[in-house]
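Protein chains get the first letters and strands the later ones, always in sequence-line order, with residue 1 at the start of each.
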Amino acid sequence: MDKFKKIISHSKEYGFIFPSSEIYDGLSAVYDYGQNGVELKNNIKYYWWKAMTQINENIVGIDSAIFMHPTIWKASGHVGAFNDPLIDNKDSKKRYRADVLIEEYLEKIGKKIDKEINKAKKRYGDNFDKAEFLKTNKRILGHQRKIDELNERFVKAFEIGDLKEFETKLGSVSEDANKIYLRPETAQGIFVNYLNVQKTGRMKLPFGISQIGKAFRNEIVARQFIFRMREFEQMEMQFFVKPGTEIEWFKKWKEKRMKWHKILSFGEEKYRFHDHEKLAHYANAATDIEFEFPFGFREVEGIHSRTDFDLSSHQKFSGKKISYFDNELQKSYIPYVVETSIGLDRMFLLVLSAAYTEEEIKKENGKLDKRVVLKIPFFLSPIKLAIFPLIKKDGMPEKAKKIFNDLKFDFNCQYDEKDSIGKRYRRQDAIGTPFCITIDHETLKSETVTIRYRDSMKQERIEIKNLFDILYKKLSINSLLKNL
RNA sequence: GCGAAAGUAGCUCAGUCGGUAGAGCGUCAGCCUUCCAAGCUGAAGGUCGCGGGUUCGAACCUCGUCUUUCGCUCCA
C-alpha cells in the first residue's frame, strides 16, 4: 500500500478525517473532521491567526458571512459579467465573444442546409417531401450532426462555468430574484468590508485584513482525499498598499509566508515556489507555495498581487466611493492589494503527510517491531499530554487523575489506564501526542513522574511540581513567532 | 463525462460445488501486574451496498442500480 493510502486510512482509524455521510454511502469529495482532526485543525488556525493577525499591529481580522449580495460575484467576475468568454484573434488584433462566434458558425451550417433544400425543391418540384428529404439526404445529415455536436459541447461548456458556484435561495419564497451563491472564496468578504474596517479601525496604509472561513466550489473532478473538496476552508489575508509599492510587498509576503512554512521543520527541500507566467485578469504578479505531498508537488498557498481590480470593481458596481486619502501625497487613490491565501485543509494534509512516519524498532529480545508515529510539531498536536498510571492499583490511578485534573485547564490532556503501558504509549504515538506522563511506584514515594518523549521514546524522571513549567516551555510557540 | 475495478464485523480480509456467516486485529467487561502494541477468561458487533430474477434454497449465478477507488478528459 502506498503512503498516501496509509495516511487516508490512518486518518479514519484515529479520528482525524471521516468521509461525509458515511452511513448513507458517503458524499463524494466531502469529508468530516473527527475528534482529533478538529483539534489539529484548530491548532493550525491558531498558528496562522497569531502569525498573520495578532502579532502584526497593522493587520486585523474579520469573520464575514458566507451569504453575500449576488452582485458581489458579478463585480468579482465569478458570475455573469466575464463569464461571457472573450477570445482574441492575434492576426487581426480583434476581440470576439466566443459564444457569438459559435452561434455565427452554427448559422452558417444552417444556411448550407437551406441551400440543399432549395436545390432539391427545384429538382423534384411538386413531388418534394421536405421531411423525408431532411431524414435521408447524406449531406444534410452530416451538417445536422455537426450542429448537434457543437450545440451539445456549447451547452456543456457554459453549464460547467455556471455550476462552479453553488446556488441557494435567500428567504422563504423561491423566486429568481432571491438567488444567492455560497461564496467560492473568502476574499470578497474582506473587500466589501474594506471601508468598514479602514474607518472604524483607523487603519493607515499599508495594512491588512485577514479571515478564516469556508468556501465552496462545485469542482468537476474533486479527488485526492481532502486536497480538493467541494466545501473547504481558506485562510486569507489581503494587504492594502500604496499603488506602485505592490511588487515590493508581494516579494516581502512571499518570503514571509515561506518562512511560516519552513519554521515547522518538515524539511526545506519539500517546499518550492511556482511563479505564474500566465496571470489572471486581476493580477500583475502571482506565485504558489508548493509542498511535496505523497502524490507530488502541489499548491498549498497562493500569493497574488491583485492590483486595484477588486476594490475598483466594487466601487463601480456598488456606486460607493472606495478610496484612501494619503496625507503624505495629499491625494486620494484606490489601494492596491497583495493577497496571501492558504487552503486550511491542504495545510492539514500537509502536516499529516509530513508527520506520518513508520519506524522499525529493535526490541530488547532482538526482534523487530513496527511503530507508526505522527511527528506533528508539538504545539499542533491534538493531544498535548497523556497521563497513565503504570498499573491500575496501589493508588496510582487516583494520583494520575489528580495530575490530569490539575493540567487539563492548560493543556489538552488524555487519561488512559487500559492495557499494558507499551500499548498506551503506541496509541498516543499514533495520534501524535508529544508527551506521556507515567505515575509509578516511585511517584508515591518521591512526588516524581516519568515523562516519555514521542520522537525519541526516551524517558526522564521529573518532579510533579515542575510539570507545568516544563510543558509550558515545550509547547509555547512564542519563540517560533518571534522568528517570523 | 468515458473506461476499469471493488463493495462481507470498527479495520484487514477468508468464505470450497449454490445448502443456517468466519478469522486476525481492534472495542468492551473481568482477571493478572510487567515501562514500549504479542498473558488469561468472557462478551458485544453483520438483512454479505441496495433492488429484481433464476432456484426448494443465493454472500456465491444473472440483470439493474448506488457508492467508492484508479486511469483518461476537463478545470485551477
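Mapping Lys393(A) and Ala430(A) onto RNA chain B by nearest heavy atom places Lys393(A) at the nucleotide closer to the 5' end. RNA chain B is contacted by both Glu299(A) and Thr450(A); Thr450(A) maps to the nucleotide lying nearer its 5′ end (nearest heavy atom per residue).
Atom CG of Leu390(A) is separated from atom P of U33(B) by 13 Å (rounded to the nearest Å). Atoms CZ (Phe225(A)) and P (U69(B)) sit 10 Å apart, rounded to a whole Å. Atom CZ in Phe388(A) sits roughly 16 Å away from atom C1' in U34(B) (whole-Å rounding). Following rounding to the nearest Å, Ile451(A) (CD1) and C35(B) (P) show an atom-to-atom distance of 19 Å. Atom CZ in Arg371(A) sits about 18 Å away from atom C1' in A38(B), given to the nearest Å. Rounded to an integer number of Å, the gap from Asp394(A) CG to U34(B) P is 10 Å. The interatomic distance linking Glu359(A) (CD) with C36(B) (C1') rounds to 12 Å, in whole Å. Across the protein-nucleic acid pair, Ile391(A) atom CD1 and C31(B) atom P stand 13 Å apart, rounded to whole Å.
A cation-pi arrangement is present between Arg452(A) and Tyr425(A), with the terminal nitrogen or guanidinium carbon under 6.0 Å from the aromatic centre and inside a 45° cone about the axis. Relative to the six-membered ring of Phe411(A), Lys384(A) misses at least one condition, a distance below 6.0 Å or an angle of at most 45° to the axis. Seen from the ring of Trp48(A), Lys45(A) does not count as a face-on cation partner, given the 6.0 Å and 45° thresholds. Taking the ring axis of Trp253(A) as reference, the NZ or CZ atom of Arg257(A) does not stay both within 45° of it and closer than 6.0 Å to the ring centre. Stacking of Arg183(A) on the aromatic ring of Phe67(A) is not recorded, the 6.0 Å distance cut-off and the 45° axial limit not both being met. Because its NZ or CZ atom is both nearer than 6.0 Å to the ring centre of Phe297(A) and within 45° of the ring axis, Arg272(A) counts as a cation-pi partner of that residue. Remark: Arg298(A) fails to qualify as a cation-pi partner of Phe293(A) under the 6.0 Å distance and 45° angle criteria applied to the six-membered ring. For the pair Lys74(A) and Phe317(A), the NZ or CZ position fails the cation-pi test of under 6.0 Å to the six-membered ring centre and within 45 degrees of the ring normal.
Here, G15(B) and A9(B) have their P atoms 15 Å apart, quoted to the whole Å. Here, A58(B) and G49(B) have their P atoms 15 Å apart, quoted to the whole Å. Comparing the C1' positions of G57(B) and C2(B) gives an interatomic distance of 40 Å, to the nearest angstrom. Taking atom C1' on both C66(B) and C28(B), the two are 34 Å apart, rounded to the nearest angstrom. As rounded to the nearest Å, A14(B) and G24(B) have C1' atoms that lie 11 Å from one another.
Across all strands shown, G10(B) forms a Watson-Crick or G-U wobble pair, both distances under 3.5 Å, with C25(B). A 3.5 Å limit on both hydrogen-bonding distances identifies A4(B) as the Watson-Crick or G-U partner of U69(B). Pairing for G46(B) is absent, judged as Watson-Crick or G-U wobble with the two contacts each under 3.5 Å. Judged by Watson-Crick or G-U wobble contacts below 3.5 Å, the nucleotide C40(B) has G30(B) as its partner. Across the strands present, C74(B) finds no partner; the criterion is a Watson-Crick or G-U wobble pair with both atom distances under 3.5 angstrom. Pair assignment for C60(B) gives none, since no Watson-Crick or G-U wobble pairing has each distance under 3.5 Å. Across the strands present, U20(B) finds no partner; the criterion is a Watson-Crick or G-U wobble pair with both atom distances under 3.5 angstrom.
Side-chain proximity of Met457(A) to C36(B), A76(B), U69(B): nearest is C36(B). Side chain of Lys418(A), nearest nucleotide from C35(B), C28(B), C75(B): C28(B). With distances taken from any side-chain atom of Lys423(A) to the nucleotides U33(B), C36(B), A38(B), the minimum falls on A38(B). For Lys392(A), whose side chain is taken as the heavy atoms from C-beta onward, the closest listed nucleotide among U33(B), U27(B), C35(B) is U33(B).
Although no hydrogens or angles enter the test, the distance criterion places no donor-acceptor pair under 3.5 Å between the side chain of His304(A) and the main chain of Phe250(A).
Between Arg427(A) and U27(B) there is a side-chain N or O to OP1 or OP2 distance below 4.0 Å.
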Protein N or O to nucleotides 10-12 of chain B N or O, pairs below 3.5 Å:
| residue | atom | partner | partner atom | Å |
| --- | --- | --- | --- | --- |
| C11(B) | OP1 | Lys12(A) | NZ | 3.0 |

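At a threshold of 4.0 angstrom between heavy atoms, the contacts of Asp429(A) with the nucleic acid are absent. Across all strands shown, Gln459(A) has heavy atoms under 4.0 Å from base atoms, whether or not it also approaches the sugar-phosphate. Among the protein residues, Tyr31(A) comes within range of the sugar-phosphate backbone only, with heavy atoms under 4.0 Å from sugar or phosphate atoms but none that close to a base.
The base of C35(B) does not come close enough to the side chain of Arg452(A) for any donor and acceptor atom to sit less than 3.5 Å apart.
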